[in-house]
Amino acid sequence: MIEVSYSPGDLEEKWYAKWLENNLFKGKISPDKIPYTIVIPPPNVTGILHMGHILNNTIQDVLVRRARQKNKSALWIPGTDHAGISLQIKVEKELAREGKTCRDIGREAFLERAKDWREKQGGIILEQLKKLGVSCDWSAIKYTQDPDYSRAVLSTFVKLYEQGYIYRGSRFVNWCPVSMTALSDEEVIMRQQDSFLYYVKYEIVERSGEFLSVATTRPETIMGDVAIAVHPSDGRYKDLKGLHCWRPIGREQIPIIGDEAVLKDFGTGALKVTPAHDVVDFEIGQRHGLKTITVIDQNGKLNALAGPEFEGLDRFEARQKAVEYLREKGLLFKEETHINNVGFSERADVPIEPVLSEQWFLKYPRLEEAKLVVQENFIHFRPERWAKTYMHWLENIKDWCISRQLWWGHRIPVWYRKGAERRDSKNWHVSVDGPGDPENWERDEDVLDTWFSSAIWPLATLGWPDGKAMEKMGFDYFYPTADLVTGPDIIFFWVARMIMSGLNLLGDENTALTPGEIRKRIPFQNVYFTGIIRDNFGRKMSKSLGNSPDPLDLIEKYGADGVRIGLLSMAPSGQDILFSEDRVAQGKKLCTKLWNSFRFRQQNGMEGDRGSIEAIVRAMDVQFLEADDIAILGKLLNLIDEFEHAMGDYEFNRAVHLLHAFFWNDYCDWYIEISKARVNGTVLAIHDLLLRQLLLLFHPFIPFVTEELWHGHGYGTKFIGEELLESSDQLRTYLSKVYLGKAPALIEEVESIRELVVAARTMKAQFGLSSTRDVKFYFKADATAKAIIERHLRDIKYLLSTKFFDETEEILKLSTGVVALGSLYIDVAKNFNIAAETKRLKNEIDRLSRFIEINEKKLHNEDFLVHAPAEIIEGARSLLEENIVKKKELQAVFLRLSTL
RNA sequence: GGGCGGGUAGCUCAGUUGGUUAGAGCAACUGGUUUACACCCAGUAGGUCGCAGGUUCGAGUCCUGUCUCGCCCACCA
């Protein structure tokens, strides 16, 4: 038995605890079952739960629960990510509030604080996810800095180093002057900036008083200029080649050179060459053997080489100062507004500085194979179009700067011989455990990019590379994982890198990648990219905008089930999602409605055995079966087929919509209502069958309420999550005595009765008659239709609240409704408004006339008759006939009206 | 500059390989407590499918162009 009212809060907490107690989510190695594995995209330990997590994890939970229903052995591995820069920044901010910096307290103390922080706060997000009902195997939980995981990360580094993919080099990198670390290209966000283009006068040494105009957006780097470059073929500057000009700040002679990299049509066609602070300039410098003058340090401040007036200034203050200086000296031709693209540091949100520095780089392994596995659908992207994005990235890929000048993270497993030249690899020791004589070595100070450790998530969560751990976790059984559910925003950061890691790190390096071998190595078979959740104004939901509702508040208000199904119903596959709380409210309404439909069943007595499908079918007495019963069962079978199809295509919103429509419109609004006119054991058994299957179908989406109802109605003693879902074929077998072969015809029959009832109700409503008022109805129909109507007479009368629904030979009443089965008449003398009714009829007749005209033309068109398939022509023909009859009927009434 | 996605009812979106009279939810309006549910029931109204061409017997659906919004990629200082 179930309670009168649905209150999600209590029952959700109750069932989640029971599920955990009974180890329902434990991944088991069962050789007789097909494995189904998902690894969670590990949330940042610094993150707070947002709507994106809710969507993402609901989808994963639906997939995992469905897998269990299909008798697969499911394993969903949860975990968290140590969030390198993000946590480092958090701790630094905490220190700043205490008036300290990380350098004040030193590396060891800093790491202690970071660990404290993560221990206190890092688990919160997973605890919050539990409220959503996620069926993760919590015994398999993993954190990217667990000792075994860290070893896996370092092993990966060592292996890639040994394979020759990792190297150390001095290159231009994206430098974040706030975090004081190098970043990968992916961590740089290009933004359009309104800025100024300054045209600066460079006096020509050999021609005193003559100036060259050079356009720049960065006057603060003038002190680092080592040349002025023009395009060799630029006629304007032909005669200046070989001459020199005066650097306007830090006055010195610099050469005028020709270089193809210069664009003639930008600015004045003359480029100031500042090799230390621009990649193109650096390359020009290399080509011409120019020196490099660094005037901006790694903290974003100008140094002594910039001159005493600029030393110590921040780069943006320096820009202002340089402009003022030039203006005072009359060395500015002009300043114009200019929109340029500036790279920003993703985390610190400041412009990055291109800086030449010594870093560790990774040349991506298995690039070609990584393209192939997606192109050839070894890994299936959904929606498929993301494959293009993926390919484009791989085709234009550059080596990955993996070292970070941070403390929080996996420290690079490289040691340098003390006092020896670090650049010489002879003085390196690269291993997971370090050198045997540590006193002679010093370890690299830097840590690895967080994404470097994320790249092996599907491997290391399953114990890789430790043989024993792999066996314990069932690596051979559970790998590769089945579905990865994530956002397209991390397709480069994470998805692509996982694919390359799997292909490169598993198996023997020299084994050919046959299709079989590829299938063993890929980390997942499907990648489902969710949409990004946006607010009502189309803005991305974010903390800073404060436009994201707190998921926990929503769960409090609507229940986890309501939030889950509401969110899925608004999540079209692959499209961004406009969040609306309204939809979540509808999710709860659905749960409430489900609850109440069970109460209807409950009110009619709960005797008998409902513990299995067999028992329920046994309670059906064939002689009491009516058209409606067979029709609704037939519809259930159709629903299951369509539902399975939608789920197979990962179209969750369509699947939810199908369930919703069947449950609400077909089951509640129709079948429950007509059942009220004839409650008997057979009808109740049909209700039980429908309710039971609905619970199973709904369960992955709304696990809590379905669990409660399952037990409340005694459909089984096991948890609903342990039950297998019957296919439509299996159900057809169970229901073999129910004449399901007749279902298609009966579904159509019931549809025609529904149409008739709707028309009759509309007639009542049009005359302002209460839907409960007992009005006399008359109908006119041919013999076949009459037989159908009479078969459903009891239901019709019940649904129309009328005692009188009878045949008539002639048109004797004044209002009419025409449906496929025939014509309906109603006596409405008292409420009759001739004008209104005439107008209604005229509109309807006009509409039909237009339709008839178009279709007659169509059916007289030779080309149509020749080309169109038979069923289309037949359909058009019968529809035309139907409408001609309708029109005639209406015209007859119309004529009658006009004689009054 | 290149690529991708969207523009269908007031709002949010469905609309399978072209094929019967373009659908749903919300909002609006009208009427309703009959054996679950007012978090409900019954009904009404509302759309030249961004625009212009083209292909076709037939186009929301395919092609071309165009406008518009959003996202991703890209070292014009």
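Protein chains get the first letters and strands the later ones, always in sequence-line order, with residue 1 at the start of each. Please read all numbers here as calculations on a predicted model, not as lab measurements.
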What is the distance, to the nearest angstrom, from the [atom1] atom on [X] to the [atom2] atom on [N]?
X        : N     : atom1 : atom2 : answer
A:Glu881 : B:U21 : CD    : C1'   : 16 Å
A:Asn341 : B:C72 : CG    : P     : 13 Å
A:Ile826 : B:G43 : CD1   : P     : 14 Å
A:His657 : B:C26 : NE2   : C1'   : 14 Å
A:Arg847 : B:A45 : CZ    : P     : 10 Å
A:Ile339 : B:C76 : CD1   : P     : 14 Å
A:Glu856 : B:G58 : CD    : C1'   : 18 Å
A:Arg654 : B:U12 : CZ    : P     : 23 Å

Kindly say if [X] contacts the phosphate of [N], meaning a side-chain N or O under 4.0 Å from OP1 or OP2.
X        : N     : value
A:Trp664 : B:C41 : yes
A:Lys764 : B:G43 : no
A:Lys398 : B:C75 : yes
A:Thr762 : B:U44 : yes
A:His867 : B:G19 : no
A:Lys593 : B:C39 : no
A:Asn855 : B:U21 : yes

Exercise. Side-chain donor or acceptor of A:Asn883 under 3.5 Å from a matching atom on the base of B:U21?
Worked result: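 Yes.
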Under 4.0 Å, counting only non-hydrogen atoms across every strand here, what does [X] touch: a base, just sugar-phosphate, or nothing?
X        : answer
A:Glu673 : base
A:Val262 : base
A:Pro354 : nothing
A:Val280 : base
A:Thr592 : base
A:Asp278 : nothing
A:His338 : sugar-phosphate

Problem set entry | Any side-chain donor near an acceptor of the partner, A:Glu881 and A:Ser878, under 3.5 Å |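 Not at all, the side chains of A:Glu881 and A:Ser878 share no donor-acceptor pair under 3.5 Å.
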For this session: Would you tell me whether A:Lys764 and A:Thr762 have side-chain atoms, one donor and one acceptor, within less than 3.5 Å of each other?
Result: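 No pair is found: no donor N or O on one side chain lies under 3.5 Å from an acceptor on the other.
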Side chain of [X] only, heavy atoms from C-beta on: which candidate in [options] is closest?
X        : options             : answer
A:Thr389 : B:C72, B:C26, B:C76 : B:C72
A:Asn340 : B:C57, B:A77, B:C26 : B:A77
A:Asn604 : B:C76, B:U21, B:U35 : B:U35
A:Cys668 : B:A36, B:C76, B:G43 : B:A36
A:Gln603 : B:U35, B:U12, B:U21 : B:U35
A:Asp669 : B:A42, B:A36, B:A24 : B:A42
A:Leu263 : B:G19, B:A77, B:G43 : B:A77
A:Asp582 : B:A74, B:C41, B:C26 : B:C26
A:Lys676 : B:G19, B:C76, B:A36 : B:A36
A:Lys588 : B:G19, B:C39, B:U35 : B:C39

Exercise. A:His338 and A:Phe266: aromatic ring centres closer than 6.0 Å?
Worked result: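 For A:His338 and A:Phe266, the ring centres are under 6.0 Å apart.
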Exercise. Are A:Phe777 and A:Phe804 close enough that their ring centres sit under 6.0 Å apart?
Worked result: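 No.
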Distance, [atom1] atom - from [M] to [N], rounded to whole angstrom:
N     : M     : atom1 : answer
B:C76 : B:G65 : P     : 27 Å
B:A9  : B:C29 : C1'   : 15 Å
B:G70 : B:U56 : C1'   : 34 Å
B:A45 : B:G60 : C1'   : 23 Å
B:A52 : B:C67 : C1'   : 10 Å
B:C57 : B:U12 : C1'   : 37 Å
B:G23 : B:C49 : P     : 14 Å
B:G46 : B:A28 : C1'   : 9 Å

Scan every strand shown for a Watson-Crick or G-U wobble partner of [N], both distances under 3.5 Å, and answer none if you come up empty.
N     : answer
B:C76 : none
B:G25 : B:C11
B:G5  : B:C69
B:C37 : none
B:A42 : B:U30

For this session: Just say parallel, tilted or perpendicular for the rings of A:Tyr671 and A:His687, cut-offs at 30° and 60°.
Result: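 Tilted: the ring planes of A:Tyr671 and A:His687 meet at 30° to 60°.
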Exercise. In terms of the angle between their ring planes, are A:Trp664 and A:His660 parallel, tilted or perpendicular, with boundaries placed at 30° and 60°?
Worked result: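 Because their plane-to-plane angle is under 30°, the rings of A:Trp664 and A:His660 count as parallel.
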For this session: By nearest nucleotide on RNA chain B, pick out whichever of A:His645 and A:Asn396 is the more 5' one.
Result: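 Nearest-nucleotide comparison on RNA chain B picks A:His645.
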Problem set entry | First of A:Glu186 and A:Thr216 reached from the 5' end of RNA chain B, by closest nucleotide |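 With A:Glu186 and A:Thr216 compared, the 5'-side residue is A:Glu186.
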Problem set entry | Nearest non-hydrogen partners of A:Ile257 and A:Ala227, listed with the distance |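 Nearest heavy atoms, A:Ile257 then A:Ala227: CD1-CB, 4.1 Å.
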Exercise. If every non-hydrogen atom of A:Thr274 is compared with every non-hydrogen atom of A:Asp281, which pair is closest and at what distance?
Worked result: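 In this case the closest contact between A:Thr274 and A:Asp281 is N-OD2, 2.7 Å.
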Exercise. Going by 5.5 Å between centroids and 30° between planes, is there a stack of A:Phe851 over B:U21?
Worked result: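 Yes, A:Phe851 stacks on the base of B:U21.
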Exercise. Out of A:Thr217, A:Thr337, A:Asn340, which one pairs with A:Ser195 under the side-chain hydrogen bond (donor to acceptor under 3.5 Å, both in side chains) rule?
Worked result: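 Output: one option passes, namely A:Asn340.
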Problem set entry | SB check A:Arg218 A:Glu353 (cutoff 4.0 Å) |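 Yes, this pair counts.
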